[in-house]
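Along the sequence shown, the residues carry numbers beginning at 1.
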Amino acid sequence: MSVVNAEVVKAFLLQLQTNICHEIEKLDGGACFASDNWKREEGGGGISRVLTQGKVFEQAGVNFSHVAGAKMPASATAHRPELAGRSFEAMGVSLVIHPTNPHIPTTHANVRFFIAYKEGADPVWWFGGGFDLTPYYANREDVIHWHQTAKDLCDPFGEQVYPKYKKWCDDYFYLPHRNETRGVGGLFFDDLNQGGFDKSFDFMKAVGNGFIVAYAPIVERRKNDVYTEHQRQFQLYRRGRYVEFNLVYDRGTLFGLQTGGRTESILMSMPPLVRWQYAYKPEVGSPEADLYGHYLKPQEWLG
């Protein structure tokens, strides 16, 4: 039986943060991440790394956090009511990348580990995470590559893993008030402890390491594409959906705020520039209409 080892998870997460930041700097070819170490009074802290105004990325943030608390917050117990009242420990890496060029998708990824404690009972632990892609001018080649990478990392863990976590991602990153998905999905998993600690940790590592494998080729293909001011304005408008989702529905944002996390790090996911437009409708037959009519609808991208 595998033994739960939070320290080995923490070591992996810190290295993952470093590795991803290094790869994003290489892709940008100009700017570097600034590092900001922080602590919280209730226990724990983290490292926020942010790149701004690069050659490719308008803003990229890669956070590591390791926090503890005396009581699980409501955002965590809403879907796990049996954990109400337990103390907890949570650690993870979370990132959001906002490129300048509208032809490069925005992306988000995170991997995390939780332990909930109660006197006289065994600790309850689980892993969670995933990654998703939010294009503005979608390219089918990119979307297929993204999902093929996700499937390839899932397949060693079982043939039903990718379909399950792909659907979970489609369902989770959905804006009911807009009746549309946030993007073209990817993977989303939570409450993972089946098969023991080692197997669950291996899957979390595969997702964490797989993110840059999925994203970097897309950036390389699109970063020199020419774009117009019209396309830039559409990108800023669509970024508003990111804000709407993160502030209204995202469990990670709610968890961070409800546990007294560092606000600057939690809201690092917000795009640096964004706009809203009343009653926007894309022109019929336009690339913008293609995004709405095709790419913002869950589907089997790999046939």
Side-chain angles (χ1 to χ4, degrees), residues 12-13 15-29 49 51 54 56-57 59-63 92-99 101-112 127-159 161-173 181-190 192 202-225 242 252 269 291 295-296 298-303:
F12 167 77
L13 292 170
Q15 188 61 52
L16 179 67
Q17 182 190 36
T18 297
N19 293 348
I20 290 175
C21 288
H22 177 66
E23 293 300 322
I24 293 301
E25 287 176 345
K26 281 179 22 182
L27 287 168
D28 188 80
R49 294 183 180 175
L51 179 154
V56 174
F57 302 110
Q59 181 170 294
V62 186
N63 280 341
V93 166
S94 180
L95 66 90
V96 175
I97 299 173
H98 293 290
N101 191 322
H103 295 291
I104 307 174
T106 285
T107 190
H108 155 265
N110 76 87
V111 284
R112 55 190 181 272
F127 291 94
F131 50 64
D132 64 285
L133 195 70
T134 305
Y136 306 101
Y137 289 90
N139 185 291
R140 188 169 182 83
E141 177 189 10
D142 296 342
V143 178
I144 290 174
H145 161 78
W146 180 260
H147 279 275
Q148 188 64 58
T149 305
K151 183 178 185 299
D152 289 347
L153 72 87
C154 287
D155 281 350
F157 298 90
E159 64 179 16
V161 173
Y162 168 73
K164 176 181 177 181
Y165 293 152
K166 186 263 185 193
K167 183 180 186 306
W168 201 344
C169 188
D170 289 336
D171 292 343
Y172 181 76
F173 291 105
T181 58
R182 190 171 78 173
V184 297
L187 299 173
F188 181 90
F189 69 100
D190 207 359
L192 178 65
D202 283 346
F203 183 74
M204 188 266 264
K205 287 188 287 185
V207 173
N209 291 328
F211 162 73
I212 203 68
V213 178
Y215 190 55
I218 297 173
V219 176
E220 291 285 10
R221 280 197 292 265
R222 307 299 162 204
K223 68 181 182 181
N224 295 318
D225 287 1
Y242 226 86
S269 63
L291 178 75
Y295 287 95
L296 300 183
Q299 56 194 282
E300 298 305 318
W301 297 105
L302 302 180

Inset, instruction - Look at the side chain of Trp146 and the backbone N and O of Gly185, then say whether any donor-acceptor pair between them is shorter than 3.5 Å. - result: yes

Inset, instruction - May I ask you to decide if Val62's main-chain N or O and Gln17's side chain share a donor-acceptor pair within less than 3.5 Å? - result: yes

Inset, instruction - Output every pair passing side chain to side chain donor-acceptor pair (under 3.5 Å) with a member in residues 127-138, not counting sequence neighbours, ordered by first then second residue. - result: Thr106-Tyr136, His108-Asp132, Asp132-Arg182, Tyr137-Glu288

Please identify each residue that fulfils ring pair (Phe, Tyr, Trp, His ring centres under 6.0 Å) with [X], with sequence neighbours left out.
{"X": "Phe188", "result": "Trp168, Tyr172"}
{"X": "Phe57", "result": "none"}
{"X": "Tyr165", "result": "Phe189, Phe203"}

Legend entry - Residue pair Trp301 / Val143: nearest heavy atoms and the distance that separates them: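 Heavy-atom minimum between the residues: CD2-CG1, 3.4 Å.
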
Inset, instruction - For Ile218 and Pro105, work out which heavy atoms get closest and say how close. - result: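 Where Ile218 meets Pro105 most closely, the heavy atoms are CG2-CD, 3.7 Å.
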
Euclidean distance, [Y] [atom2] relative to [X] [atom1], rounded to 0.5 Å:
{"X": "Asp202", "Y": "Phe157", "atom1": "CG", "atom2": "CZ", "value": "5.5 Å"}
{"X": "Cys154", "Y": "Lys164", "atom1": "SG", "atom2": "NZ", "value": "11.0 Å"}
{"X": "Asp142", "Y": "Ile104", "atom1": "CG", "atom2": "CD1", "value": "10.0 Å"}
{"X": "Thr181", "Y": "Leu296", "atom1": "OG1", "atom2": "CG", "value": "4.5 Å"}
{"X": "Leu153", "Y": "Asn209", "atom1": "CG", "atom2": "CG", "value": "9.5 Å"}

Can you list the residues that meet the side chain to side chain contact (heavy atoms under 4.5 Å, CB included) rule with [X], with sequence neighbours excluded?
{"X": "Leu302", "answer": "Ile144, His147, Gln148, Lys151, Tyr162"}
{"X": "Ser269", "answer": "Val96, Asn246"}
{"X": "Asp171", "answer": "Lys167"}
{"X": "Pro217", "answer": "His145, Arg221"}

Legend entry - side chain to side chain donor-acceptor pair (under 3.5 Å) involving Arg112 - partner list, sequence neighbours excluded: Asn110

Legend entry - Residues that Thr18 engages under side chain to side chain donor-acceptor pair (under 3.5 Å), provided they are two or more places apart: Arg49

Legend entry - Verdict with reasoning, Val93 to Asn63, per side-chain contact (heavy atoms from CB on, under 4.5 Å): CA-CA 5 Å; Val93 166; Asn63 280 341; over 6 Å; no

Inset, instruction - Mind running side-chain contact (heavy atoms from CB on, under 4.5 Å) on Leu16 and Met204 for me, showing each step along the way? - result: CA-CA 11 Å; Leu16 179 67; Met204 188 266 264; 5.9 Å; no

Taking only distance into account, with no hydrogens and no angle test, what donor-acceptor pairs under 3.5 Å do side-chain atoms of residues 19-27 form with protein atoms, sequence neighbours excluded?
residue	atom	partner	partner atom	Å
Asn19	OD1	Gln15	NE2	2.8
Asn19	ND2	Gln15	O	3.4
Glu25	OE2	Phe33	N	2.9

Legend entry - 4.5 Å side-chain heavy-atom contact, Lys223 and Asn101: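 Side chain of Lys223 against side chain of Asn101, heavy atoms only: no contact under 4.5 Å found.
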
Inset, instruction - Apply side-chain contact (heavy atoms from CB on, under 4.5 Å) to the pair Tyr295 and Val184, showing each step before the final yes or no. - result: CA-CA 6 Å; Tyr295 287 95; Val184 297; 4.1 Å; yes

Inset, instruction - Decide side-chain contact (heavy atoms from CB on, under 4.5 Å) for Leu51 and Gln59; before the verdict, give the C-alpha distance in whole Å, the side-chain angles of both, and the deciding distance to 0.1 Å. - result: CA-CA 6 Å; Leu51 179 154; Gln59 181 170 294; over 6 Å; no

Inset, instruction - Can you label the angle between the Phe131 ring and the Phe211 ring as parallel, tilted or perpendicular, going by 30° and 60°? - result: tilted

Inset, instruction - Kindly write out the residues that satisfy salt bridge (Lys or Arg N to Asp or Glu O under 4.0 Å) with Asp152, not counting sequence neighbours, or none if the list is empty. - result: none

